Amino acid sequence: MIDGADTRVVTIVRGGTGLRIALLEDDPDQAALVRLWLEQADHQVTTFAEGEAFLKSLRRDSFDVYLVDWLLPDISGVDVVKQLRTELRDFTPTLVVTVKREERHIVQALDAGADDYLAKPLRQGELMARLNAVRRRAPGGRIAEVVADAAPFEIDIERSRIALFGEPLTLTDREYELALFFFRHRDQALSRSHILTTIWGIDNDAVTTRTVDTHVSRLRRKLRFGDETGWALSAIYQHGYRLESPDAASGS
Amino acid sequence: MVQRMETTDPFAKRLIAHYLGRRASDVEALRDALGAGEFDAIRVTGHNMFGSGEAYGLKRISEIGRDIEAAAEQRDGTTVAAHIDALEAYLRELTIS
């Protein structure tokens, strides 16, 4: 696909190897090249040419990182970031990309809620490095904090095990991966599609979104999400699921 | 002078060829826009060329795009026309291997 910015295309990826990235870029040449770079690095890219279409898609989908061009045909990339942070309460790591290089523009993008800023013309190595940096800084990127802040659960990354109140839980590999994915994205709405591609990989024809629902249901039971643990795994209508940490679940 | 651009990735080669094809179309579109006095359309085309050229390894296209954008902002048709000629000449000299 050359004219990447004109259509939404879901790429087949191996489950869990890369990031799901939303690329908001109206220039088809720029979009096609960035898409190539990201896919070469095993990331999965969904491209949007307009801000409104991107924001609308978030009702049904979710991503690990947003890459947002400043100048768009309908609304500015900075306004997109503002809407994400203030109206949608969406704090997914976001990089703003633009030819604007003045300090006031960089300040404007960061003040709007962007995590980083990249000047065009883009350079492949720099893009990848900054992408990795925002990924590391994201809450789910700091695995040590994820593990340390999961009480009453104890997550043993080395042995791929989870214990509850000191008692080891019996989980399949897939259930463990799914649980860890939720813990890494706590308090974040995750679409079924996001879960499916990350945990199973969408090249597996045998897996449907119904499989996600079944596994979530089993996980809810095994991890005893609810009053007993303080963690809640909530379904989001026509979207997916959100694991709410005790603080969020209690509304504090 | 013939400019050479080398890549071993077949998909990247196709992508670059497609990109250059679009720039060749830009030459005609820019001349049409200049004839119609549509400086805003010229500015946007220059802006996009500036943003994408160097990323494709074609720094000269970014430079020409930047110059076209600046001249269009000034509504300077003579300078725009000169930069379109420069773009056409550059594309003619470029080969991908």
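The structure displayed is predicted, hence computed values, not measured ones. Proteins come first, then strands; the chains are lettered A, B, ... in the order of their sequence lines, and each starts at number 1.
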#### Entry: Flag for A/H194-A/D64: side-chain donor and acceptor within less than 3.5 Å
yes
### Query
Is there a donor-acceptor pair closer than 3.5 Å between any side-chain N or O of A/R186 and the backbone N or O of A/F183?
yes
#### Entry: Residues of residues 65-87 of chain A with any heavy atom under 4.5 Å of a heavy atom in chain B
A/L71
### Message
Quick check: closest heavy atoms across B/F50 and A/V99, and the distance to 0.1 Å?
### Response
CD2-CG1, 3.5 Å
### Task
Evaluate the ring planes of A/F54 and A/F63, with Trp represented by its six-membered ring, and classify them as parallel (under 30°), tilted (30 to 60°) or perpendicular (over 60°).
tilted
### Contact listing (chain A partner; residues 29-43 of chain B; heavy atom under 4.5 Å)
none
### Task
Mark yes or no for whether A/R35, through its side chain, and A/V45, through its backbone, hold a donor-acceptor pair below 3.5 Å.
yes
### Check: A/L23 main-chain N/O paired with A/T47 side-chain donor or acceptor under 3.5 Å
no
### Query
Looking only at atom types and distance, does a side-chain atom of A/R174 sit under 3.5 Å from a main-chain N or O of A/I199, one as donor and one as acceptor?
yes
### Message
I'd like to know whether A/Y241 forms a side-chain contact (heavy atoms from CB on, under 4.5 Å) with A/L190, so could you lay out the CA-CA distance, the side-chain angles of the two residues, the decisive distance to 0.1 Å, and finally the verdict.
### Response
CA-CA 5 Å; A/Y241 295 93; A/L190 298 168; 5.7 Å; no
### Query
Would you find more than 12 non-hydrogen atoms of other residues, nucleotides or ligands less than 6.0 Å from B/Q74 atom CD?
no
### Query
Is any NZ, NE, NH1 or NH2 atom of the basic residue among B/E69 and B/R66 found under 4.0 Å from an Asp or Glu carboxylate oxygen of the other?
no
### Task
Count the heavy-atom pairs under 4.5 Å between each of B/G53, B/S52, B/S62, B/G65 and chain A, then report the option with the highest count.
B/S52
